[in-house]
Amino acid sequence: MRKETAFIITFLAFTIGTAMVIWMAALPNFVAVSFPEVTGGKIVVGPMRDSRTLTPTEVAMVNDWLKNHTKGWGPLSQTPPSSGDARIELEGTKDGKPDPIVLTLWTGISAADWNNTVFVETPDGSKVRTESFSNQEFDPLRKLADGHVFPRSAFP
């Protein structure tokens with residue numbers, strides 16, 4: 001075998017091998033997220049973190065919203081500016097087992113560049129996925145947060 005041929009084979013093996021390792025590490029981040037069937041929950045809103053239990057109608061709306069938004073969720077790539085404007089702690093079941101999740105919403109109150117952003121995470125924070133939505137897609141979740149009465153402060 002000539003030197004040039006050995007070099008090309010080695011170069012191709014190294015290049016393709018490196019690309020495969022990177023794709024194998026990144027591929028789990030491109031899979032659609034599967035959400036549990038939500039059975040109940042509570043929403044915590046505002047600077048005073050007032051909370052209330054979700055009504056059955058709201059639970060059904062959250063289930064519908066989650067079923068229609070399983071794609072596009074990516075890993076958290078930067079630290080958020082705050083803990084969000086609302087936090088929805090959901091009790092759910094998947095395959096008959098408890099599977100709670102937490103949705104953190106940015107409605108634009110605390111950080112305008114994070115408008116319409118949702119984080120989905122496990123209660124212990126070990127898995128976090130994030131996605132930004134259009135106003136129309138985000139409106140059902142915004143109504144949950146805005147429908148809750150809490151003291152609002154003026155913008156600085």
Side-chain angles (χ1 to χ4, degrees), residues 16 18-156:
I16 292 170
T18 303
M20 287 181 63
V21 168
I22 291 171
W23 271 107
M24 295 306 278
L27 201 55
N29 291 324
F30 298 117
V31 177
V33 177
S34 66
F35 296 110
E37 182 70 25
V38 176
T39 57
K42 72 175 186 175
I43 183 167
V44 182
V45 183
M48 302 307 289
R49 295 299 186 199
D50 296 326
S51 68
R52 69 173 172 86
T53 304
L54 295 176
T55 66
T57 306
E58 292 171 333
V59 169
M61 184 277 305
V62 170
N63 267 323
D64 289 341
W65 191 89
L66 290 174
K67 285 178 187 170
N68 294 321
H69 296 91
T70 58
K71 296 183 178 153
W73 297 91
L76 182 61
S77 59
Q78 63 186 28
T79 304
S82 69
S83 59
D85 301 320
R87 185 174 169 92
I88 306 172
E89 300 169 3
L90 300 171
E91 302 157 8
T93 57
K94 187 187 284 185
D95 301 328
K97 297 178 183 175
D99 189 11
I101 60 171
V102 176
L103 300 179
T104 304
L105 311 178
W106 273 267
T107 60
I109 296 171
S110 63
D113 56 338
W114 284 73
N115 285 357
N116 304 341
T117 301
V118 180
F119 281 17
V120 174
E121 58 187 294
T122 55
D124 64 359
S126 61
K127 293 181 183 176
V128 180
R129 297 285 186 152
T130 183
E131 179 63 82
S132 294
F133 297 96
S134 68
N135 285 332
Q136 182 180 7
E137 289 178 308
F138 190 75
D139 275 345
L141 297 178
R142 181 185 310 283
K143 288 177 184 173
L144 280 179
D146 288 347
H148 188 74
V149 178
F150 62 89
R152 297 176 187 257
S153 60
F155 288 104

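For the single chain, residues carry numbers from 1 onward in sequence order.
The two residues G40 and V59 come nearest to each other via the heavy atoms CA-CG2, 3.9 Å. Minimum interatomic distance between R142 and T107 (heavy atoms only, all atoms of both residues): NH1-O, 2.9 Å. In terms of heavy-atom proximity, L144 sits nearest to R52 at O-NH2, 3.5 Å.
Scored by the side chain to side chain contact (heavy atoms under 4.5 Å, CB included) test, T53 finds no partners at all (sequence neighbours excluded).
Taking CD from E137 and CG from N68, the interatomic distance works out to 9.5 Å, rounded to the nearest 0.5 Å. Going from atom CD of E131 over to atom NE2 of H69 covers 9.0 Å, rounded to the nearest 0.5 Å.
Under the 4.5 Å side-chain criterion, counting only non-hydrogen atoms from C-beta, V118 is in contact with W65. With contacts defined as side-chain heavy-atom distances shorter than 4.5 Å, the pair I43/E58 does not qualify.
The stretch residues 64-74 participates, sequence neighbours left out, in these salt bridge (charged side-chain N to carboxylate O under 4.0 Å, His left out) pairs: E37-K67.
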Would you be so kind as to tabulate the donor-acceptor pairs closer than 3.5 Å made by side chains of residues 88-103, with sequence neighbours excluded?
| unit_1 | atom_1 | unit_2 | atom_2 | d |
| --- | --- | --- | --- | --- |
| K94 | NZ | S34 | O | 3.0 |
| K94 | NZ | S34 | OG | 2.9 |

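Between F133 and the options W73, W106, F138, a ring-ring contact (aromatic ring centres under 6.0 Å, His included) holds for only W73.
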Apply side chain to side chain contact (heavy atoms under 4.5 Å, CB included) to N116 and S132, showing your working.
-> CA-CA 6 Å; N116 304 341; S132 294; 5.7 Å; no
